Structures are given as C-alpha cells and as structure tokens.
Number of protein chains: 2
Amino acid sequence: MKPSAAPAERPLRADARRNRERILAAAKTAFAEAGVHAQMEDVARRAGVGVGTVYRHFPTKEALIGELLAEKFRLLLQGAREALDVEDPWEAFAGTLRRNAELMAADAAVQDALMRVEADWSHAEEARQELKATFAIVIDRAKAAGVVRDDFTIDDVPMLMCGLCSTMAAGPPGEPFDWRRHLEFILDAVRAR
Amino acid sequence: MKPSAAPAERPLRADARRNRERILAAAKTAFAEAGVHAQMEDVARRAGVGVGTVYRHFPTKEALIGELLAEKFRLLLQGAREALDVEDPWEAFAGTLRRNAELMAADAAVQDALMRVEADWSHAEEARQELKATFAIVIDRAKAAGVVRDDFTIDDVPMLMCGLCSTMAAGPPGEPFDWRRHLEFILDAVRAR
DNA sequence: CAATATACGGAATCCTCTCTCCGCTTGTCA
DNA sequence: TGACAAGCGGAGAGAGGATTCCGTATATTG
C-alpha cells in the first residue's frame, strides 16, 4: 500500500539540516502568532535565512504549514495516548480535551487551518487517523462507564473542537472570548445526565 | 449625544438610488455565497454596473460588508423581538437560537465576519446592542422559569454562536459538519438540569 | 430644451504577497 | 587541499484584487 517513502534520500548537508530546523522553529512561532497570515519573509527573517532557502526546504507555504499541522497532530495524538492510562474514564476523556485544547490555543495557525482549507493536510493525515482511533477508545470507555452520553460519537469531536478553536481566535477586539468556559459548556453537554 | 446624521443630504438621483439597491442586492447574494472572498467585480457584474459605481456608493469593501452585516443583525434582532411574545420560556429561548442560526447559516459572509475582524462593524453596532438587550430579557425569563442554567449569561451567546458559525463553514471538504447537531449540543449544555 | 451637477464605466494603477532564478558560497570527499 | 555538488540569498517576476481616475452619459432644474 505504501511505497518506500524515499528511494535514496542522501543525507542533508550539515548546514542545510541546521537551516531546516531553524526554519521550522521560526515558522512555528511566526504562524503561532499571526496565523496563516504570517508571511514567508517573516519566517525567513526570523530564521536568519533568505526566502529562497525557505523555499528550498518547503516547496510552498501550504506545505510548510502542513508540516506544522502534522507536528501539532502528533502532539494531540500523544495526549490521547496518555489518556489510555488514566483510570477514571471521565477524567481520561475530559482531561484530554482540556489538555489538547490548550495545545490548540497556543497556535493561531492551527486554528486557522482547522477552520479553512488552506493547508496541506496530507502530512497530518496519519496522526489524525491514529488520533481518531485512539480517542475513540477513550470515548468508548467513557460511554461504557456511563459518564458520556450514548449518542456521542468520535465524529462529534472535530466539529466541537472546530467551534471551540474559532472562539479562541475571535471575539470583540481587545476582550477575547473565554474559550475555557466554552469548553466547559461542551463537556457539560457531552456528559451523561 | 447623537449629532444630526447628515447636515443636508440631498436626495440621490433616481438612477443612483436604483443602482444602490441593485448593488446591495447583488452584494447580498455574492457574499452570502462566497463569504468575504467574493470580489468587488463580482458584485458589480451581478448588479449590472461598473466597479466605479460600486465604489461611488460604498467607499470600501469593508464598508459594503459592514452594511450587509448591519442588515443581518436587524434580522436577528427581529427574531429576538418575536421571541418576547412566545409563551413558553424555553421555546422562546431555544426557538430563537434555532431560527437565528438558520439565518446565519444562509450567509457565509456573516460567518466570516463573525470570526475575523475584517468588516466595519460600526453600522451594525446599534442593532447589536439592541439584540443583546432584547435577548437578555428572553434569557432572564428562561432563567426565572428554571429552564436555563443560572450561570448562563447573555455574553455567552456571541461566544457560542461564533463557535457554531465556524462549524457551518468548516468541516472536511465535501462533508460539512452537521451544525444543527452542534446547536443541539449547545442547547443541552445550557438547559438547566 | 439648454445648462449643469450627478453618476457611470472600466481600463489603469497600486499593493501585497508568493514563488522563481541564477550567480555566489560553502560543506564534503578523495 | 582542490574539485564540485549542494546550498544560499534576495532581487524581481507574477498574480490576484482593491481602489482610483477621468472622459462620457444622463437626471434635474429653470
């Protein structure tokens, strides 16, 4: 199904590897702060390289954002995996959502990407699928324990999180919404009565 | 407090008035369909006028969107006012949210505007304030009747609606989220236990 | 029905990015 | 150390759109 990832990837030259890391780090902060509106030149400047170099490593802006997105999803997945070890089924469920929401809140670009289709999601796909599978287990446990409503499904999670993310970024200028309160409303809605 | 709106507004020439209406109508559909991404030329074409004419009536794209936004808020306000006549406190509350959500769903531009700060909100401000005041009454009635949780406030409404709107526009390409389901989750969260 | 202020149209202008290109620099390897 | 492929920088080509400008057309008015 999956062809060999790369036929004969010769290792990057030392300086190139270093620059790639710098670019990724610069992009992480630039996009986290400004969302998808951050410009490629910003990224280059922060990384201390020229734009050409950024493009040498990532063919398009979309691809660069896609990489960050993938990284973020790996973090979310990690959060979900840790939930599997949590005794209390509700705590496993709600705790993961709370922790992962914090991860999203720290990153305007991911919020943007979640809400519009402006990024290359392909690199994140793998982590996304596994995240879905993993969190489905957490949800099933919670449902089995009777702490989450029966009609709740794993597919509701992206929808609700999407809504939550939009409240992280939006709100009357100067006084952002209290998205943690929003999250608590959601958790209340999902908790079994 | 409020100075005379316009010192001596001489009436528009007949053709100008007609064009203004056409432009507004064209903008309504163009933006409803494509969100803030619709282009000024689209609007002009649909209205059967040149771009210059659009700009004669609305100084910027922001201003044009602002006008539509104001109009939409007047509709939302009307919805809230009608709720005052509804007997059942919960029905008044939930019914209004459901009906107004449908209004939002019909208009991609408003969703966009709600989530980003790309429009001129000043024209909508008046209706917005009144909407807030009016719906606050509906909420108080519902709280008094014990059908809405005590810690819910009018300020939660924009936040939750913002989240809801984002799920109207977003979702995996091809299979949009079921925002009505999202709304029911919200209503469940807000309903007193 | 002129005279004239209002409006109109839409090509041209401006701006803001993303992405390309190519001469120069620097690791790497024998 | 010398040869050379791998990388680099950054000016500028392009593209997409908002906004402007001005010659022309048309309501309105006396």
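Just so it is clear: chains get the letters A, B, ... in the order the sequence lines come, proteins before strands, and each one is counted from 1. This is a predicted model, so every value here is computed, not measured.
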Could one point to a donor on the side chain of B:Arg13 or the base of D:dA27 with an acceptor on the other under 3.5 Å away?
no
Along DNA chain C, 5' to 3', what are the outermost nucleotides having an atom less than 4.0 Å from a heavy atom of chain A?
C:dC17 to C:dT28
Separation of D:dA27 P from B:Arg20 CZ (nearest whole Å):
19 Å
Using whole Å, report how far CD of B:Gln39 lies from C1' of D:dA18.
9 Å
Do the side chains of B:Arg191 and B:Asp188 get close enough for a salt bridge, i.e. N-O under 4.0 angstrom?
no
Rounded to whole Å, CE of A:Met40 lies from P of D:dA15 at a distance of 19 Å
Got a salt bridge between A:Asp107 and A:Lys28, using NZ or NE/NH1/NH2 to carboxylate O under 4.0 Å?
no
Salt bridge between B:Arg46 and B:Glu33, side-chain N to carboxylate O under 4.0 Å?
yes
Starting from C1' on D:dA18, measure out to CG on B:Leu64 and report it in whole angstrom.
12 Å
salt_bridge(A:Arg74, A:Glu130) N-O dist < 4.0 Å
no
Measuring to OP1 and OP2 of D:dG7, would you say a side-chain N or O of A:Thr53 lies under 4.0 angstrom away?
no
Nucleotide D:dG14, atom C1' - distance to OH of A:Tyr55 in whole Å
12 Å
Reading DNA chain D from 5' onward, which residue's closest nucleotide shows up sooner: A:Leu12 or B:Asp15?
A:Leu12
Report the nucleotide, chosen from D:dG7, D:dG10, D:dT19, that has the shortest atom-to-atom distance to any side-chain atom of A:Val51.
D:dG10
Protein-nucleotide distance (B:Arg56, atom CZ; D:dT20, atom C1'), rounded to Å
12 Å
Please determine whether a side-chain nitrogen of the Lys or Arg among B:Asp15 and B:Arg13 lies less than 4.0 Å from a carboxylate oxygen of the Asp or Glu.
yes
Does B:His57 reach a base, just sugar-phosphate, or nothing at all? Heavy atoms under 4.0 Å.
sugar-phosphate
Under 4.0 Å from OP1 or OP2 of D:dG7: is there any side-chain N or O of A:Asn19 that close?
no
Identify the residue among A:Leu64, A:Leu24, A:Val49, A:Ile23 that makes a side-chain contact (heavy atoms from CB on, under 4.5 Å) with A:His57.
A:Ile23
Determine, for A:Glu102 against A:Arg99, whether the closest basic-nitrogen to carboxylate-oxygen distance falls under 4.0 angstrom.
no
Between atom CD in A:Glu41 and atom C1' in D:dG12, what is the gap in whole Å?
11 Å
